[in-house]
Amino acid sequence: TRLLFPRAPGGIGEAADFPFSLLGLGDIAIPGLLAGLALRYDASRIVNMQARATAAASAINDALAALQPDASAKDMGDAAASAASTAYDKVADRELNQQDRSQGITRTASTSTSGSSSSDASSTSVDGDSNSSSSTQEEQRLVPV
């Protein structure tokens, strides 16, 4: 497939003898495929920042409301930061689990503690809570289903 356009007068060389400009498949389809693949890649990596920000704001509001009126600025800052981080991570974990389910991937976490190693793999639950504590280092691997 090709598209022919009238050539502007005043060209030089052999191409000037041909009265048309040629726009071929490589000029249209290949860049279009590249743009389509880039768009699909971007869409697969999208992150719902609004849901994360809403969860963090709600958690900060709740944490500050639970503090005593005479709490120091440091206490307020620590409570707000901790609550926001926890809420943000929960939403991020839910999104990751949803993405894994849509791609048919099962995420397992293997925990190791000092002095003993566990060969059991604990599965991450649907709502994003894992069976290990935050002080334990987790190794995660993707296992296709």
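None of these values were measured; they are calculated from a predicted model.
- Asn61 places no side-chain N or O within donor-acceptor distance of the main-chain N or O of Ala57, the cut-off being under 3.5 Å.
- Nearest heavy atoms, Ala63 versus Ala79: CB-O, 3.8 Å.
- Taken to the nearest 0.5 Å, the CG atom of Leu96 stands 10.0 Å off from the CZ atom of Arg101.
- Residues Pro31 and Asp27 fail the side-chain proximity criterion, which asks for heavy atoms closer than 4.5 Å.
- In terms of heavy-atom proximity, Arg52 sits nearest to Val91 at CG-CG1, 3.6 Å.
- In this structure, CG in Leu33 is found 11.5 Å from CD1 in Ile28, a value given to the nearest 0.5 Å.
- Between the CG atom in Asp75 and the CG atom in Asp70 there is a gap of 9.0 Å [rounded to 0.5 Å].
- In this structure a side-chain-to-backbone donor-acceptor pair under 3.5 Å is missing from Ser58 to Thr54.
- Contact record, Ala59 with Ala84: CB-N, 4.4 Å, taken as the closest heavy-atom pair.
- One N or O on the side chain of Ser102 and one on the backbone of Gln99 form a donor-acceptor pair closer than 3.5 Å.
- Atoms CG and CD1, from Asn97 and Ile105 in turn, are 11.0 Å apart once rounded to the nearest 0.5 Å.
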